[in-house]
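To keep things clear, I will list the structure first and then write my remarks on it.
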Amino acid sequence: MYYAYKYRLKPSDAHRKELDRHRDICRQLYNHTLYRLNEYQDEHGELPSMTTLRSELPDLKQWWDGLSDVYSKVLQTVVERLFDNLKGLSALKENGYGVGQLKWKPPREFRSFTYSQSGFKLDKKGGQAVLSLSKLADIPIRLHRAIPDDATLKQVTIKKEPTGEWFATFGVEIDREPPEPPENPERCVGIDVGILKYAHDTDGTAVGSLDLSDERDRLEREQGSLSRKEHGSNNWEKQRRRVAECHADLRRKRRDFLHKLSAYYAREYDLVAVEDLNVKGMMESPSNSRNTASAAWRTFLSLLEYKCDREGTHFVAVNPRGTTKECAACGVSTEKPLWVREHSCPACGFEADRDANAAWNILSRGLQDVGVGDSESTPVKTALPTGTEVVPAKRVVETGSPTLKERTASAVSE
């Protein structure tokens with residue numbers, strides 16, 4: 001299994017200067033490699049192989065001052081990065097997207113470089129954890145969580161965030177396979193995501209959306225202040241960092257909430273069924289696109305999927321069409337405008353919260369996709385009545401232990 005562990009670096013001013021120098025050399029090499037790729041294509045009528053351009057690196061060091069100061073594996077990964085970008089463009093083109101050509105990278109768009117296989121080591125010096133980078137420095141690192149003892153460090157990516165902070169992300173390979181999902185899952189749950197209630201599941205839990213209004217207000221104030229600064233001045237640069245810090249704060253709080261919520265569902269259940277949402281299409285809608293972006297449903301589903309794989313839990317993404325209209329008890333479809341938050345079936349009389357009804361339909365479709373039959377419980381027994389208390393998202397982030405079994409709607413934690 002392959003995982004990523006991200007840690008904050010604590011470089012000195014001298015370290016920061018050297019990190020920026022190495023990053024800029026890698027950026028210039030990327031641009032030079034792109035130039036050579038286009039030149040080779042013009043001369044030979046075809047794209048060169050990655051090996052061809054990588055073999056030119058030793059000759060470049062003969063006349064390029066500073067290139068020898070960067071570890072050789074780092075230079076090779078820069079060439080690999082260019083070809084990875086080419087593959088990404090080709091994949092988009094095959095899927096029908098209109099794509100252009102790769103462009104040269106300005107300093108603000110090239111923020112990272114990678115040590116692959118060798119040239120780096122985690123060590124302790126003077127009682128402090130450091131990351132030893134070949135031809136660079138021993139940089140203090142904040143190891144806020146331990147890397148498993150049976151893990152093998154395959155690579156490390158050093159990245160500078162827009163806030164000016166430096167991070168190290170380790171690619172870690174663990175020599176054990178994840179557990180197999182059970183053939184007959186017993187604990188199954190369907191999850192309906194939304195705006196007013198972020199998650200509403202078939203076990204009678206409703207989790208409210210994360211309130212980031214204060215953070216957004218602060219971001220707007222700082223952006224307004226930035227717009228009044230002279231572009232490129234020292235004051236403009238200071239304000240730009242404040243804006244970047246606001247963006248980072250929003251992103252950190254949102255991902256913390258999503259990590260804890262997804263971890264709960266992956267660990268507590270044998271099967272998790274969700275909607276396979278077309279978030280990109282919803283974002284293109286002129287109505288409510290800001291709230292859709294803030295909800296980060298696609299991020300939540302991605303986190304939930306890999307955590308279910310890690311925990312040995314079935315992850316099923318079902319077609320969302322009609323999950324709100326259909327009755328979970330009898331299957332009769334009933335039209336409901338968005339402002340109607342209750343489900344009341346005219347055929348069988350089943351009444352429930354609109355999102356609870358959708359969650360049961362999602363679970364039913366998920367069980368059919370996996371082929372394990374119907375859930376033992378019935379929607380009539382567990383459907384939330386209208387007006388059920390919703391768990392504040394803040395409690396999801398702050399709580400230290402799950403209390404879902406203690407009350408109908410409760411907190412979840414990682």
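Not measured: the values here are computed from a predicted model.
The two residues Ala199 and Leu261 come nearest to each other via the heavy atoms CB-CD2, 4.2 Å. Heavy-atom minimum distance, Ala356 versus His200: CB-NE2, 3.6 Å. The nearest pair of heavy atoms linking Pro182 to Gly312 is CD-O, 3.5 Å. Pairing each heavy atom of Val70 with each of Cys26, the nearest pair is CG1-SG, 4.3 Å. Of all non-hydrogen atoms in Pro48 and Phe83, the two that sit nearest each other are O-CE2, 3.4 Å. In this structure, Leu219 and Leu250 approach most closely via the heavy-atom pair CD2-CD1, 3.8 Å.
The salt bridge (Lys or Arg N to Asp or Glu O under 4.0 Å) check on Glu18 picks up Arg21, with sequence neighbours excluded. Shown here are the salt bridge (Lys or Arg N to Asp or Glu O under 4.0 Å) partners of Arg176, two or more places apart in sequence or in another chain: Asp150. With sequence neighbours excluded, the residues that form a salt bridge (Lys or Arg N to Asp or Glu O under 4.0 Å) with Arg187 are Asp270.
Ion pairing between Arg252 and Asp249 holds under the 4.0 Å rule for side-chain N and carboxylate O. Here Arg218 does not pair with Glu215 in a salt bridge; the nearest charged N to carboxylate O distance is not below 4.0 Å. Lys260 has a carboxylate O that lies under 4.0 Å from a charged side-chain N of Asp256, or vice versa, which qualifies the two as a salt bridge. Under 4.0 Å is where a charged nitrogen must lie from a carboxylate oxygen, and between Glu161 and Arg108 no such pair does. Salt bridge absent: Lys160 and Glu165 never bring a charged side-chain N and a carboxylate O closer than 4.0 Å. Ion pairing of Arg241 with Glu245 is absent here, as no side-chain N (NZ or NE/NH1/NH2) approaches a carboxylate O to less than 4.0 Å.
Taking the six-membered ring where tryptophan is involved, the planes of Phe120 and Phe170 are tilted, since the angle between them lies from 30° to 60°.
Within a 6.0 Å radius of NZ in Lys229, more than 12 heavy atoms belonging to other residues, nucleotides or ligands are found. Annotation: Asp13, atom CG; neighbour count of heavy atoms from other residues, nucleotides and ligands within 6.0 Å does not exceed 12. Within a 6.0 Å sphere centred on CD of Glu109, heavy atoms belonging to other residues, nucleotides or ligands number more than 12.
Side chain of Ser302 to main chain of Arg298: a donor-acceptor pair is present (N/O by atom type, distance under 3.5 Å, no hydrogens or angles). Without hydrogens or angle criteria, Arg111 side chain to Arg23 main chain gives no donor-acceptor distance under 3.5 Å. For Asn95 (side chain) and Tyr97 (main-chain N/O), no donor-acceptor pair under 3.5 Å exists by modelled atom type. In this structure, the side chain of Arg310 does not engage the main chain of Pro178 through any donor-acceptor pair within 3.5 Å. Side chain of Asp201 to main chain of Asp203: a donor-acceptor pair is present (N/O by atom type, distance under 3.5 Å, no hydrogens or angles). Judged purely by atom type and a 3.5 angstrom limit, Arg228 uses its side chain to pair as donor or acceptor with the backbone of Gly224. Within the 3.5 Å criterion, the main-chain N or O of Cys246 finds no donor-acceptor partner in the side chain of Arg251.
For Thr77 and Ser116, the side-chain atoms include no donor-acceptor pair closer than 3.5 Å. The closest side-chain donor-acceptor pair between Glu222 and Gln239 falls under 3.5 angstrom. Of the N and O atoms on the side chains of His259 and Lys307, at least one donor lies less than 3.5 Å from an acceptor on the other residue. For the 3.5 Å distance criterion, the side chains of Ser233 and Asn235 fail to qualify, holding no donor opposite an acceptor. Between Glu311 and Thr313, the side chains place no donor N or O within less than 3.5 Å of an acceptor N or O (distance only, hydrogens not considered). For the residue pair Thr52 and Ser49, a side-chain donor N or O sits within less than 3.5 Å of a side-chain acceptor on the partner.
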Name the atoms and distances for all side-chain donor-acceptor pairs under 3.5 Å in residues 27-35, with sequence neighbours left out.
from, atom 1, to, atom 2, distance (Å)
Arg27, NE, Asp24, OD1, 2.9
Arg27, NH1, Lys105, O, 2.9
Arg27, NH2, Asp24, OD1, 3.0
Gln28, NE2, Asp24, OD2, 2.8
Tyr30, OH, Asn85, ND2, 2.9
Asn31, OD1, Lys105, N, 2.7
Asn31, ND2, Lys105, O, 3.2
Thr33, OG1, Leu29, O, 2.7
Tyr35, OH, Glu39, OE2, 3.3

May I have the list of side-chain donor-acceptor pairs in residues 130-149 shorter than 3.5 Å, sequence neighbours left out?
from, atom 1, to, atom 2, distance (Å)
Ser132, OG, Asp138, OD1, 2.9
Lys135, NZ, Ser68, O, 2.8
Asp138, OD2, Lys125, NZ, 2.3

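Between Leu102 and Leu86, some side-chain heavy-atom pair lies under the 4.5 Å cut-off. Contact check for Thr323 versus Arg365: side-chain heavy atoms found under the 4.5 Å cut-off. Looking at heavy atoms from C-beta onward, Phe167 lies out of side-chain contact with Leu9 at the 4.5 angstrom threshold.
Note: Phe257 and Tyr198 meet the aromatic proximity criterion, with ring centroids under 6.0 Å apart.
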Verdict with supporting geometry, Tyr2 and Val172, side-chain contact (heavy atoms from CB on, under 4.5 Å): CA-CA 6 Å; Tyr2 196 84; Val172 173; over 6 Å; no

side-chain hydrogen bond (donor to acceptor under 3.5 Å, both in side chains) evaluation trace for Thr157 with Tyr115: CA-CA 6 Å; Thr157 298; Tyr115 283 78; over 6 Å; no

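Annotation: ring-ring contact (aromatic ring centres under 6.0 Å, His included) contacts involving residues 205-225, sequence neighbours excluded, are absent.
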